[in-house]
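Okay, so here's the structure we're looking at.
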Protein chains: 2
Amino acid sequence: MTPTALSDELLSRFAAIVGEKNALRDASDLAPHLVENRGLYHGNSPLLLRPSTTEEVAAIMKLASETGTAIVPQTGNTGLVGGQTPRNGGSDVILSLERMNKVRDIDPVANVIVVDGGCILDEVHKAAEKVERMFPLSLGSQGSCRIGGNLATNAGGTAVLAYGNMRQLCLGLEVVLPTGEIWNGLRRLKKDNTGYDLRDLFIGSEGTLGIITGAVLKLFPKPLGHQVAFAGLNSPADALKLFERASTLCGSALTGFELMPRIGVEFTAKHIPGVRDPLETPHAWYALIDISSSNSADTAQTMVETLLEQGFEAGIFQDAVIASSEAQRQALWHMRESMSDAQKPEGGSIKHDVSVPVSHVPAFMDEAERAVMSAIPDARICAFGHLGDGNIHYNISQPVGADKNAFLAQWKEINEIVHGIVLSFGGSISAEHGIGQLKRDELAAIRPAIEMDLMRRIKTAFDPAGIMNPGKVVAS
Amino acid sequence: MTPTALSDELLSRFAAIVGEKNALRDASDLAPHLVENRGLYHGNSPLLLRPSTTEEVAAIMKLASETGTAIVPQTGNTGLVGGQTPRNGGSDVILSLERMNKVRDIDPVANVIVVDGGCILDEVHKAAEKVERMFPLSLGSQGSCRIGGNLATNAGGTAVLAYGNMRQLCLGLEVVLPTGEIWNGLRRLKKDNTGYDLRDLFIGSEGTLGIITGAVLKLFPKPLGHQVAFAGLNSPADALKLFERASTLCGSALTGFELMPRIGVEFTAKHIPGVRDPLETPHAWYALIDISSSNSADTAQTMVETLLEQGFEAGIFQDAVIASSEAQRQALWHMRESMSDAQKPEGGSIKHDVSVPVSHVPAFMDEAERAVMSAIPDARICAFGHLGDGNIHYNISQPVGADKNAFLAQWKEINEIVHGIVLSFGGSISAEHGIGQLKRDELAAIRPAIEMDLMRRIKTAFDPAGIMNPGKVVAS
C-alpha cells in the first residue's frame, strides 16, 4: 500500500471520536512521537489520537478500516526497532494508549493483576508492591514503557531466567482488531486448551495484528531473601561454568545472571555518576548474579555463599563480592543497566540483540570478536547481556577518535558479519527487541520462504485492508 | 466439505508413497485406529499410512492437497475428545506417526532433546534419564502416547504446577503443512523475538493446521531430593489453604498438588490391585503433595516436614503421612493415577475436564455439587485433579444399581449444568484434553463470535482446501 495524504475531513472524523483535546495535530505536539529513542527512525503523521476507552479504540479502528487509513499504535515509545514509529509520507495516524493507564483489578489471592494496555510498567510494580506481591518484568525503560508495548514486543529484560518473557507472564488479553471488533480474552486461567492460541499470536506481533488494550498478568509472592554477587572472571567460558553451577545450586531461585566486559565496567565508572568498579583489581569479564528466595532470607544467603565458595575452590574466578545492603545491590544493577547509556559519550555504537543456545555463548563470542576486529581493527567491543538466556547485546563502540558517521555507515556490513555467526550457531538475530522496521527485510532474507509466507497469511487473515501498523515485521 | 468415497486408484497412489507394507487396508488392521479410548467416537477409513520420514509425510500431504483428500493425523491414539478419530463416511485417510519414533539428538549441556513426532513419551523419559536429565511431562498414558500428539493437544498432566504444559516444554517444531511444505522451526533458543509465534499456534491446534513431525524439547536437571506426602482433609477449602502454604514454602520445588475425594480413594482401594488407604481413619478429602528439590535431598525433606508441621499446627488437616521410600511414593501416585480407571467397574461416568482460577476451586466444587445432586440425587461425584492448576476432572459415577445407558444419556444435560457453573467463575470447559469433536459445537456456542471467526480465518489461511483433520476444533 502506498501512503497517500489524508483529507482534513477524514482527520476531523477521527478527532471527533476522542474529542479535539485528545487529537493532536500541532507539529510540536507530534514531534516526540515521530522519532524513536536511538534516532534511527523518523516518520511523520498528521494526527495523534489519545482514546480513553477500549470502545474509543474500537471506533477508531472501525473508521480506519472503512476508509483504509493506516494506524500506528504507540505506548511508551521506548522500542528499539522502529516498530512504533510512523512511516514517512504523512498517511499514518498514531494511536497512543497513554490515557488508558489504569489498573483495572488486582487479586493477591489469585495472584493476578488486570491492567489497561497503556499502564506504565512501574505502576504495575507499585500496585503489586502495595498488596505484598511482585511483577517480575524488569527493564531499563520501566519508568516510561507501557504494558501494551511490552506485550506487543514480548519484552524480556533481566528476570527472564526465572520468570520468562512477557509471554510467560500473561494469562489473558483484550485486543481491538483492525476491523474495530473487540476480542475479550481476559482470562485468568493457568490451564485452558480451548482452540487456537490467539493470545500468544498477538503477543510479539508488534501491533501488526491488533491493539492490545488490556491484559491479565501474573503476580508472584515477594521473595523473602535477595542476594546479589559480582565476580571477576577471565573469560565467557568461565562465566558459563559459573552459570551452570549457579543454575544447579539455586534452581529457580537464580533470577539473573548477567555478563559484562571490562570495557563496559570502565565506561560506566567513567560516565555514569555514582558507579565505581566494585573489585580492587581489573578482570577481563564480570558476572552479576542475582538470587531471590521465596522461602527465607537465609536460603538466598546460603546459596550465594555456597556458590562463591564452590566457584573460588574450582578456580572459576579470582575475586568476587556479595552486596551487603539494598543500596549495594541496587548499585550493582545500576552499573549493568547503565551499560548501554555509558557507551553514548564514547561515540557511535553498532548494536546487535542476538541469542544463541546458552552453551554456545563462549564460542560465539570468540568467533564474533575475531571477525569484528578483522573488519574494524580498533573497534571497542562492549558485548554484555543475559548470559543465562544466551542473549547478548553485542554492541561495538567506535575506535577512539574515529569519525562517528563513517563508523556508523558500517552498521549493515557489521550486522551481516555478526548475524552470520549467530545463524551458524542456530541463533536469533532478535532475541528480545523484535523486528519492527529495522530487521524486517533481514528476517525475510534469512528465514525459509514458507515461514514468511505463513506470517503473511496470518497478517492478511487478521488485517485484510493492511491498515494495522503497516510496514512492520512483514512487508505489506 | 461432505465426505465422499475415495477411489482405489487414489488409495494406491497414497500407498505407493510409503510402500504397501506400510499402507494398511484390512479391516482388522484398521479397527484399533477407528475408535478412541473411551469408546465415545467410532469412525471409519479405507487406509492408514505409516510414513517413516518427514519427506514421506510431506509427499502424502502434497497428494492429499492436490486431490482434496482429508487426512487425520494419529500418534498414540490416547486422546479423550475424538480429535484423532476419523469421521464416518470412509473418506478420511489416517496418517500414523508410529514409525517416526526416534530420538534425533540429545544435548545434556544445553538441556535439549530433539525427537520425532511419533516418539513415545516414556522413550523421551528414558533417553533423558540416560544422560542424568529429566523430561517432566507426566501422564497416565505415557507408555503409549506420543510427542506429536502431546504437542498437538498441549498436554498437561501432574507436573504442570512446576514445569508448565507441553507449550512451556517445547523450544522448536518441525511441521508438515496441509500443502505438503515443510516448516523447519527446530530452534533451541530460550529467547527469540523474530515474527509471529507460529510454534504456539501449532501447539494445541489438534492436528488441524499441520502435522508435527519433530520437536525440540527442554530437559531439566534430575531433582536431588523427592518427597511425597498424603494428607486427610475436611474440605477443598482446607486443601486450598494447604496449597497456599506449600506454594509459599516450596516455590518451584512444589511439583504437584493433587486433590482427591473419599469416594475416589475407596474406588481405587476396591478395584486397583495393590492400592490401600494410607491413613487409618477416613477423611472427606485428600491432598497428594509432591516436592522435588534441585539443590539437595535435605531441602525436600525439610520442606515436607515443615509444611506438615505448619499445616497440623494451623489445624488445616487431621492426619498425614510422608512416603518413606520410592516404593511408597510410587504407590501414592499410583492411587491418584488410577482414579479414573477405578471408576469403570462402578458403571457409567459422566466426565468434565474443567479449570477455574485456583482461588475459586472450593466455591466451584460447592456449587457444582449442589447442582449435580439436585439433577441426579444419588449420583456419586468423584471430582479429583490438579488443584494447584485449578484443573478438576469433575467426574460423576452413576448411582448404585442405575441403568448405565440411561445415566450416560444425561451426559449433555449434566455437562451443560457443570460447564455453566465453570463459566460463571471465568473457567474453561477444557483445561487439558482439548476440543476435538467432543466440545467443538459447545465451544462455538460459548465463545464470542469474533473469537471463533479468528480461529476459522487461521484455519482457512493454513488449510485452504480443508483437508487437515477436518471437523475437529472448528467446524469446516
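Residue numbers start from 1 in every chain, and the chains themselves are labelled A, B, ... in the order their sequence lines are given, proteins ahead of strands.
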Engaged part of B/Leu171 at the chain A interface, taking heavy atoms whose separation is under 4.5 Å: neither

Residue selection (most heavy-atom pairs with chain A, distance under 4.5 Å) from B/Gly195, B/Ala110, B/Cys250, B/Gly185: B/Gly195

Side-chain touch B/Asn193/A/Glu206, heavy atoms, less than 4.5 angstrom: no

Interface residue of largest heavy-atom contact number with chain A, from B/Val356, B/Leu209, B/Thr179, B/Thr153, under 4.5 Å: B/Leu209

Residue-level contacts of residues 160-170 of chain B with chain A, using a heavy-atom cutoff under 4.5 Å: B/Val160, B/Asn165, B/Arg167

Residue part contacting chain A, namely of B/His360, when any heavy atom lies under 4.5 Å: neither

A/Thr194 vs B/Ile435 side-chain heavy atoms within contact, under 4.5 Å: yes

Residues in residues 443-454 of chain A that sit under 4.5 Å from chain B, counting heavy atoms only: A/Leu443, A/Arg447, A/Ile450, A/Glu451, A/Leu454

A/Asp192 and its side-chain hydrogen bond (donor to acceptor under 3.5 Å, both in side chains) partner, picked from B/Ser428, B/Ser355, B/Ser430: B/Ser428

Pairwise side-chain contact, A/Asn391 with B/Lys190, heavy-atom cut-off 4.5 Å (strictly under): no

B/Phe202, part contacting chain A, at a heavy-atom distance under 4.5 Å: side chain

When B/Asn111, B/Ile182, B/Leu198 are compared by non-hydrogen pairs under 4.5 Å with chain A, the top option: B/Leu198

Pairs involving residues 428-457 of chain A, ordered by first then second residue, that meet ring pair (Phe, Tyr, Trp, His ring centres under 6.0 Å) (sequence neighbours left out): A/His393-A/His433

Which of B/Asn184, B/Val109, B/Leu249, B/Val112 touches chain A most, by non-hydrogen pairs under 4.5 Å: B/Leu249

Salt bridge (Lys or Arg N to Asp or Glu O under 4.0 Å): pairs with one or both residues in residues 431-445 of chain A, sequence neighbours excluded: A/Glu432-B/Lys191

Per-residue contact mode, B/Arg187 against chain A (heavy atom under 4.5 angstrom): side chain

Contact class of B/Thr306 relative to chain A, heavy atoms under 4.5 angstrom: neither

Heavy-atom contact with chain A under 4.5 Å, split by part of B/Pro357: both

Which of A/Pro221, A/Ser247, A/Ser252 touches chain B most, by non-hydrogen pairs under 4.5 Å: A/Ser252

Greatest number of heavy atom pairs closer than 4.5 Å to chain A - which of B/Gly390, B/Ala253, B/Ser205, B/Gly251: B/Ser205

Among B/Ile429, B/Leu177, B/Val474, B/Leu186, residue most engaged with chain A (heavy-atom pairs, under 4.5 Å): B/Leu177

Validation row: A/Thr299, B/Thr299 side chains within 4.5 angstrom (heavy atoms): no

Most chain B-contacting option - heavy-atom pairs closer than 4.5 Å, from A/Leu224, A/Leu189, A/Thr248, A/Asp389: A/Leu189

Name of the residue among A/Ile203, A/Asn154, A/Ile458, A/Asp200 meeting side chain to side chain contact (heavy atoms under 4.5 Å, CB included) with B/Asp197: A/Asp200

Engaged part of B/Val354 at the chain A interface, taking heavy atoms whose separation is under 4.5 Å: neither

